[in-house]
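Naming convention: chains lettered A, B, ... in sequence-line order (proteins, then strands); numbering from 1 in each chain.
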Protein chains: 2
Amino acid sequence: MSSKNFKHDLFDQFARVGKAMSNANRLELLEFLAQGERSVDELAKVSGLSVANTSQHLQQLRQSGLAHSRKQGLKVFYRLSGNDVITLLDALRVVAENHVAEVDKMVNSYLTVKDSLEPIPREELLERVRDGLVTVLDVRPAEEFAAGHVPGAINISLNDLEARLSEIDSTQEIVAYCRGPHCVLAFDAVAQLREKGLTARRLEDGYPEWMVAGLPIEKVS
Amino acid sequence: MSSKNFKHDLFDQFARVGKAMSNANRLELLEFLAQGERSVDELAKVSGLSVANTSQHLQQLRQSGLAHSRKQGLKVFYRLSGNDVITLLDALRVVAENHVAEVDKMVNSYLTVKDSLEPIPREELLERVRDGLVTVLDVRPAEEFAAGHVPGAINISLNDLEARLSEIDSTQEIVAYCRGPHCVLAFDAVAQLREKGLTARRLEDGYPEWMVAGLPIEKVS
DNA sequence: ATAGTATTCAACTAATCACTTGATTAGTGT
DNA sequence: ACACTAATCAAGTGATTAGTTGAATACTAT
């Protein structure tokens, strides 16, 4: 094999991974997979894609090395092939945030009051949880919460938030998080809570980033 | 803007960055850009693509936010938009190495004697340079060397290596590096040096990674 | 002005991609 | 064996992509 071809073939392999991340629907599927293992029809439901389409996207993710699959009975479960994939997705997000003008514009315009929603970094949250100063609110669906969450967090999915508002200690600051740094659930939750007069902020990242950072996690047994 | 659309639009923006990395030629251009600013025709020459094709790829990189351009006289110079792009490319490489079977196979088969070429990590090299134990060899072309290199490194491009072998202190271990973790120049250099009976190893990363890690660098003034 | 160089633009072709639809395979429960 | 469900496959459509070629633009030097 000549050095020239070796080089090009190698870049071709890297490009396969890039291709896997070149489609919005696949990126959304990857974000769901970052929460934990999921079956094809769960992913189809939650992403709003047809089952056949979802299946095809997932197969591409598997072929590019980003995901693994496992068959159990009727169902096929997909999962990320490793935590390095979460690191890669976050690197993608960081670059997009820093250099794609539209991303910054979108994030800011979706949240009219940007400054007051200044997100709290992981380490700071960990400290304040230790000191008992904050209520941590996980606004993801119950299944995702069950698969792993920030220690001490309470789980109220966004849909139920209004109804279950009384469960939240309104004297403490609330820190909401969900699937990732731009997951809208947390943005919406903070907006709702602030409307009710509570003090609320957003965690800078989501659960997958917390987990990859090696911070303590808790699971429903 | 509904939350559903916000989410999808955001992933669409992320996908633009993924698209930029979904093509082998663009990834190769990005690796060259990671060495420093380059004009379109330099990039065309070194990548072996036509000028028009190179120009179009570079425009895509600019539109996706990965690169910036600057016109000076007749020439247009492109550069990476930030060091976070190097971080992203490395995250891509890591995932490909870990999960794309072909990458591992290719890297190992190109170098028949893998174990003896065990690369040396950045920090270890830095120590050994301080202690004066190794000769650091930069096998990139002179222009890239000039734009920045590891302190104390000598520059002999791969083509000239055989002719300039006498310039190398054959009593010391030699550590070769080039553009990135898989840059073949360093692989080839190590193979050549070993053939001549010298002790040679490869730096684990290339110059861009060294620079992003915040380690000291040296430039030709 | 004129010639020369670097880059981009515009038009086109072949290949690949995203998605739909309907059929097919694999496993479960009766 | 039969019906049912989850997932995949196969074929087809319209859209996008990578590349070529030749013309157009922008700047420099004579």
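- Distance A:Q56 CD to D:dA10 P: 11 Å, rounded to the nearest Å.
- Put simply, CG on A:L74 is 6 Å from C1' on C:dT28, counting in whole angstrom units.
- Contact annotation: A:R26 reaches the phosphate of C:dA18 (side-chain N/O to OP1 or OP2, under 4.0 Å).
- To the nearest angstrom, P of C:dC9 lies 12 Å from CG of B:L58.
- Between A:G73 and A:A52, the one whose closest nucleotide on DNA chain C sits nearer the 5' end is A:A52.
- Here the closest non-hydrogen pair linking B:G18 and A:L92 is N-CD1, 3.9 Å.
- Distance CG (B:D41) to C1' (D:dC27): 14 Å, rounded to an integer number of Å.
- Protein atom NZ of B:K19 is 14 Å distant from nucleotide atom C1' of D:dA18, rounded to whole Å.
- Dashed line: the shortest gap from a side-chain N or O of B:Q59 to OP1 or OP2 of C:dT7 is not under 4.0 Å.
- Within 4.0 Å (heavy atoms only), B:Q60 reaches sugar-phosphate atoms of the nucleic acid but no base atom.
- Side chain of A:Q35 to main chain of A:E31: a donor-acceptor pair is present (N/O by atom type, distance under 3.5 Å, no hydrogens or angles).
- The phosphate of C:dT8 has OP1 or OP2 within less than 4.0 Å of a side-chain N or O from B:S55.
- With salt bridges taken as basic N to acidic carboxylate O contacts below 4.0 Å, one links A:E144 and A:R179.
- At a threshold of 4.5 Å between non-hydrogen side-chain atoms, the residues A:L158 and A:Q192 count as touching.
- A straight line from CG of B:D12 to C1' of D:dA15 spans 14 Å, rounded to a whole angstrom.
- Within the nucleic acid shown, B:Y78 comes within 4.0 Å of sugar-phosphate atoms alone, with no base atom in reach, counting heavy atoms only.
- The interatomic distance linking B:H57 (NE2) with C:dT8 (C1') rounds to 15 Å, in whole Å.
- Phosphate contact (OP1/OP2 of D:dA18, side-chain N/O of B:N23, threshold under 4.0 Å): present.
- Each salt bridge (Lys or Arg N to Asp or Glu O under 4.0 Å) pair with one or both residues in residues 57-76 of chain A, not counting sequence neighbours, appears once here: A:E37-A:R70.
- To the nearest angstrom, C1' of D:dT8 lies 13 Å from CG of A:N53.
- Nearer the 5' end of DNA chain D, as judged by each residue's closest nucleotide, is the contact made by A:K71, out of A:K71 and B:K71.
- Using a 4.0 Å heavy-atom distance criterion, B:S39 is classed as a sugar-phosphate-only contact.
- The side chain of A:S50 has C:dT20 as its nearest neighbour among C:dA6, D:dG19, C:dT20.
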